[in-house]
Amino acid sequence: MKIQKTYVWYSIIMWILWSSIMILLRVSGNAFDVQNEQLFFIIRDVSKIINCISLIPVIPVLWLFALIYSVKNKSRKYIVFNVVSILFSVGLWFQYFVTHIVLILGGV
């Protein structure tokens with residue numbers, strides 16, 4: 001049960017971090033049109049740290065252990081959460097990564 005709770009909280013924290021960076025980026029502008037210079041440079045620096053954390057495969061490893069544990073214990077709600085959350089995590093991470101590359105670094 002500790003693995004499942006760790007996975008849930010780690011996923012939620014990463015979702016909040018990714019989403020907040022993407023939302024704040026809409027307010028501050030991007031590499032092509034900086035609207036709020038101080039906020040943009042803070043977002044750029046924080047985004048680099050979050051990007052490095054995101055490249056460590058913690059979510060897939062925790063997901064695998066949590067899924068095995070929930071299937072073993074036949075916990076239906078956690079099985080559904082694990083399947084939906086990995087799809088959501090991959091989609092949100094991909095969007096965050098593309099946002100970081102294109103809008104923050106200014107390159108493709």
Side-chain angles (χ1 to χ4, degrees):
M1 188 56 90
K2 280 185 174 183
I3 299 249
Q4 183 67 44
K5 287 185 180 186
T6 304
Y7 172 67
V8 169
W9 282 108
Y10 187 82
S11 295
I12 290 171
I13 289 169
M14 291 308 292
W15 296 341
I16 290 170
L17 289 173
W18 292 332
S19 300
S20 62
I21 290 293
M22 288 189 289
I23 290 170
L24 286 174
L25 195 60
R26 302 292 179 214
V27 174
S28 71
N30 54 46
F32 306 109
D33 181 27
V34 176
Q35 297 169 356
N36 187 339
E37 195 170 315
Q38 292 84 15
L39 184 60
F40 176 76
F41 290 115
I42 291 170
I43 290 171
R44 185 188 67 183
D45 295 338
V46 171
S47 179
K48 287 178 184 179
I49 295 168
I50 294 172
N51 200 18
C52 289
I53 293 170
S54 298
L55 291 175
I56 301 170
V58 174
I59 287 182
V61 171
L62 282 176
W63 171 76
L64 183 63
F65 289 138
L67 183 65
I68 290 170
Y69 182 78
S70 61
V71 168
K72 181 179 161 186
N73 290 334
K74 299 177 185 172
S75 177
R76 179 171 268 185
K77 67 178 183 176
Y78 283 131
I79 293 171
V80 172
F81 176 80
N82 289 336
V83 171
V84 171
S85 70
I86 196 66
L87 296 174
F88 185 71
S89 291
V90 168
L92 192 60
W93 179 83
F94 183 73
Q95 184 170 353
Y96 170 77
F97 190 68
V98 169
T99 300
H100 179 80
I101 296 292
V102 174
L103 296 181
I104 293 178
L105 297 180
V108 179

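Everything numeric here is computed off the predicted structure, so don't read it as measured data.
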TODO: Sort and list the pairs that fulfil side-chain hydrogen bond (donor to acceptor under 3.5 Å, both in side chains) and have at least one residue in residues 22-32, not counting sequence neighbours.
DONE: none
Acceptor/donor pairs from residues 40-69 side chains to any protein atom, 3.5 angstrom cut, sequence neighbours excluded:
residue : atom : partner : partner atom : Å
S47     : OG   : Y96     : OH           : 2.9
S47     : OG   : H100    : ND1          : 2.7
N51     : ND2  : H100    : NE2          : 3.4
S54     : OG   : W18     : NE1          : 2.8
S54     : OG   : I50     : O            : 2.8
W63     : NE1  : N82     : O            : 2.9
Y69     : OH   : M1      : N            : 2.9
Y69     : OH   : N73     : ND2          : 3.1

Task: Residues in side chain to side chain contact (heavy atoms under 4.5 Å, CB included) contact with Q35, at least two apart in sequence or another chain - done: D33
Distance-only check: which donor-acceptor pairs under 3.5 Å involve side-chain atoms of residues 10-17, not counting sequence neighbours?
residue : atom : partner : partner atom : Å
S11     : OG   : Y7      : O            : 2.9
W15     : NE1  : S89     : OG           : 2.8

- [ ] Would you please name every residue forming a side chain to side chain contact (heavy atoms under 4.5 Å, CB included) with V98, sequence neighbours left out?
- [x] F94, V102
Task: Transitive ILVMFWY side-chain link I3 to V80, under 4.5 Å - done: no
- [ ] Quick one: name the residues clustered hydrophobically with W9, using the 4.5 Å side-chain heavy-atom rule over I, L, V, M, F, W, Y, and just say none if it's on its own.
- [x] none
Task: Joint hydrophobic cluster, V90 plus V83, side-chain heavy atoms closer than 4.5 Å - done: no
